[in-house]
Amino acid sequence: MFLSSSSAASLRAASGRTTGSSNTNNAAMKYFDSFQQSIDEPCFADLTAEDLSEPQAIQLKFHDWACSMIRNPPMFQNKPVDPETTLKNYFGLVKTRFMEDDRFKDHVDFKGDMAWHSAYKTELIKAINDKINKGGVDGDIDDSDMHVAIMRKHLSCIDVNEEDVPDLVTLMGKLAASSITNNYQLRALINATFIADGRPGEGKFFNMRSWNYSNGHKCLTGSWKDIKNCTEKLATFCNDFDQWETDVYDSFGDYWSVENGLVRKLVGGRMGLKSNFAFPMCQDRTDGWTARIIASTLSNLVPACQKKKVTGKSLRYGATTSMHEHPDITHTELLAVGGWWSKDNSSHYTVGRVAIHMGPMRALAGYCNVRKAHVPPRLGALGEVELPLMETLADKLYLTNLNQFKVGGHLRPLIRIVLATNIKNFNKKLATLGIDNASVSRLISVAGSCGIPLERLKEMSSTIDDDFRLQNIQGIELGAGIERLLEHNNTLMTQMVSKISELNATIKTQNQRIGCLETLQQQSKISSSMIPLASPQAINRVRLLQDAAESPRPQQRPKLAQPAQVQQQQQRSPLRDYAVGILQRVTGIRRDAIPVNEEVTAIASSSYDASPSISRVIIELVKAHQLGPNVQYIDTTPPPSLFPAISSGNRNVYKWAMKVIKKVITKEQDKLFRSASNAKDPDLTAVVSSCAELERNIIPWVLEKEGVKENSRNNKALVYGIGNRAKKLGESHFSDLKGFEDLRNIFGGKK
């Protein structure tokens, strides 16, 4: 931020300088004021003597400014300012401005030789030179605190927002699905850089002359150039445990297949010096370009708010952080993979050995148990008979003029592992990327030319994938194991709560059924008590029936044949069925042994005088669907099952009983009865319970109207009894029903 004209004028007046001050002086103060702004403190012109009155306050201010410039060196035209000349001059000019200003010239920090200023300046110049020469690439120097780490895969228990940086699996999946130039070579370069824990520009120097496939350790090894320390370190690569996106072997397979990554141009009929570099697109460019293309690719795949924080260094930060946080990776292994050399010669016996890289390599590839030996995908899982066909498929899929990858070459085992990996991941990529993806369609096309149809290719993919997972069964990782146990426990708890709810519902239903059974038992006792069993006539009639059932029936004169329709009506007569049922309960004779004749009908007819209960009437009306939305109780037809032959007088008594029901029934009961009556298959459990409650309310209402205070045992809610009582009470007690035209007049508060 530049100073305002008034502030600049006052500053010049205070310092004794004229308007002809040099541009260099202004530039120096601009950088200092920018630093002040970044820490929310006033610019130089707005500082007061009290702000820096304490001893060593100015020293501390210069110290903080120097540290800030080390983190973010001043830039000019996208290049760092020369520390030996310009930056050194800036640091001295700002000190001079402080010493010449009346506010600070007498400060105690300016007494003596001011060795602190010289020390800070020397350290500042050295640090920035080191950063440019070793850490920075082509002037690409950022605040290291601003870099974010890109991890292989986020833990499933962590919520990832849309604004967060995606994991490497997500980024590489997007890259594989994209159509940008060299996307398959870029994916292989990024995955290799991550697994090697390398700096972003170092992949340019990855030379296949150093490659070797270790059958003992089941991994690819090679030399990785450490451009910061001008050395080389060992890099090892294995298959990813469960993600095709970050699998180095799958990345190489797609690159070699789609972009002919193993074909090199000949120079004068011979291989050129650059023919063995793994990533040819980087060879005619600098390592800085390689770093920038990685940074650009990654930043284009992340949310806009994170683009500035994602660089090529994010891969190294992510890999190093992953190994550092892994409980099974030792500090020595971390140093070996990252290339941090010790001062003694122990690194000679540790860093260069493949065994020490196994644990970190598996950790970066997603294996839970890094101490368990891994097994790569195997073409042998398809059976020995398929192996010659697989060799043909490899030659057609990965075209090459490099002898080490051909049959008999020392990297031919790597080709077989890469092919097995591509086939293993085929089903997953087909589902994720689709059949039109270049890598998927290329494998389908080449396999088809070898006589392998799509369905057979899918079967091969499943076979190799199942074999790989079987061979690499891992021990349960502590965090993931606890998470799965908690998830299982939550599932059991949910099921238990559901079972308890079902049990409570069952108990409630059982209680309702018990209540219904008790009500039906009470009603049965009432009905049985009305049968005249104690009379001598009834006993004689029962004996006659028993004798008739036990003795053969006498010969009778043949009668004229009746039409089948008449016989069927007689058999289905409600009166006869009712009579048979009563005699079965009374005599204990089997139902099929009871003769249905005029004698039985006469006995049963006498039981109708007892009349059914109010509850039975309501239940039969509901079962017969007679209670429609606008049907009045007084208009209902007496149920034939209870009143098979009802006289006009009894019909009148029945209507008087319905008047009582309409007078006493509640809104809830009426709603329940009508709802059940309109149902296709009504549930009578609640209906029976409400009917019993209605009966208990009817008797007190009738007794109250009759002037009887106490309820005797003989007062039962039987239809004819209630009807006769209501008829004796007269119309005065039912005058507010207004002819029973509208139930709303009753339930609307007009009783």
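All of these numbers come straight from a predicted model, not from anything done at the bench.
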Centroid-to-centroid, [X] to [Y], below 6.0 Å?
X: F62; Y: Y120; value: no
X: Y184; Y: W256; value: no
X: W211; Y: F206; value: yes
X: H117; Y: F91; value: yes

Main chain of [Y], side chain of [X]: is a donor-acceptor contact present, judged purely on distance under 3.5 Å?
X: N401; Y: R264; value: yes
X: R97; Y: L93; value: no
X: T400; Y: V263; value: no
X: H107; Y: D109; value: yes
X: N183; Y: S179; value: no
X: T432; Y: K429; value: no
X: R362; Y: H357; value: no
X: T320; Y: R316; value: yes
X: H374; Y: K218; value: yes
X: R371; Y: D328; value: yes

Legend entry - Single hit among D240, N191, T170 for side chain to side chain donor-acceptor pair (under 3.5 Å) with T246: D240
Going by heavy atoms in the side chains, are [X] and [Y] under 4.5 Å from each other?
X: L315; Y: I294; value: yes
X: L186; Y: I180; value: yes
X: Q306; Y: K309; value: yes
X: F35; Y: D64; value: yes
X: V337; Y: E333; value: no
X: K105; Y: D101; value: no
X: N182; Y: L189; value: no
X: M323; Y: L364; value: yes

Could you check whether [X] pairs with [Y] (Lys NZ or Arg NE/NH1/NH2 to Asp/Glu carboxylate O, under 4.0 Å)?
X: K88; Y: D82; result: no
X: R152; Y: D242; result: yes
X: K126; Y: E123; result: no

Inset, instruction - Show your working on side chain to side chain contact (heavy atoms under 4.5 Å, CB included) between L87 and L124 and close with a plain yes or no. - result: CA-CA 9 Å; L87 192 58; L124 170 65; 4.3 Å; yes
Rounded distance [0.5 Å steps], [atom1] in [X] versus [atom2] in [Y]:
X: C282; Y: W289; atom1: SG; atom2: CH2; value: 5.0 Å
X: M151; Y: L168; atom1: CE; atom2: CG; value: 10.5 Å
X: K428; Y: D247; atom1: NZ; atom2: CG; value: 9.5 Å
X: M208; Y: Q404; atom1: CE; atom2: CD; value: 6.5 Å
X: L52; Y: K61; atom1: CG; atom2: NZ; value: 6.5 Å
X: S223; Y: R209; atom1: OG; atom2: CZ; value: 13.0 Å

Legend entry - Worked check of side chain to side chain contact (heavy atoms under 4.5 Å, CB included) between L171 and E245: CA-CA 8 Å; L171 296 177; E245 295 89 342; over 6 Å; no
Could you pull out the closest heavy-atom pair between [X] and [Y], with the gap in Å?
X: C219; Y: M358; value: SG-CE, 3.5 Å
X: D226; Y: G339; value: OD2-O, 3.9 Å
X: L433; Y: A177; value: CD2-CB, 3.7 Å
X: Y367; Y: H326; value: O-NE2, 4.3 Å
X: L47; Y: P42; value: CD2-CG, 3.7 Å
X: I150; Y: F194; value: O-CE1, 3.5 Å

Inset, instruction - Apply the ring-ring contact (aromatic ring centres under 6.0 Å, His included) test between W65 and each candidate in Y90, F32, Y31, F44; give the one that qualifies. - result: F32
Inset, instruction - Indicate whether the side chain of E202 and that of W224 have a donor and an acceptor atom separated by less than 3.5 Å. - result: yes
Inset, instruction - Please check if any side-chain donor atom of Y317 sits under 3.5 Å from a side-chain acceptor atom of D197, or the reverse. - result: no
Legend entry - Parallel, tilted or perpendicular: ring planes of Y249 versus Y213, cut at 30 and 60 degrees: perpendicular
Heavy atoms of other groups near [X] [atom1], more than 12 under 6.0 Å:
X: K204; atom1: NZ; result: yes
X: H410; atom1: NE2; result: yes
X: E54; atom1: CD; result: no
X: K307; atom1: NZ; result: yes

Inset, instruction - Mind running side chain to side chain contact (heavy atoms under 4.5 Å, CB included) on S257 and Y398 for me, showing each step along the way? - result: CA-CA 5 Å; S257 170; Y398 312 123; 4.1 Å; yes
Inset, instruction - Start with the C-alpha gap between D51 and T48, add the side-chain angles, then the distance that decides, and say whether side-chain hydrogen bond (donor to acceptor under 3.5 Å, both in side chains) holds. - result: CA-CA 5 Å; D51 293 334; T48 64; 3.0 Å; yes
Inset, instruction - Take S275 and K265, measure what side chain to side chain contact (heavy atoms under 4.5 Å, CB included) needs, and give me the verdict at the end. - result: CA-CA 7 Å; S275 60; K265 295 180 180 180; over 6 Å; no
Legend entry - Sequence neighbours excluded, every pair satisfying salt bridge (Lys or Arg N to Asp or Glu O under 4.0 Å) that has a member inside residues 166-191: R187-D250, R187-D254
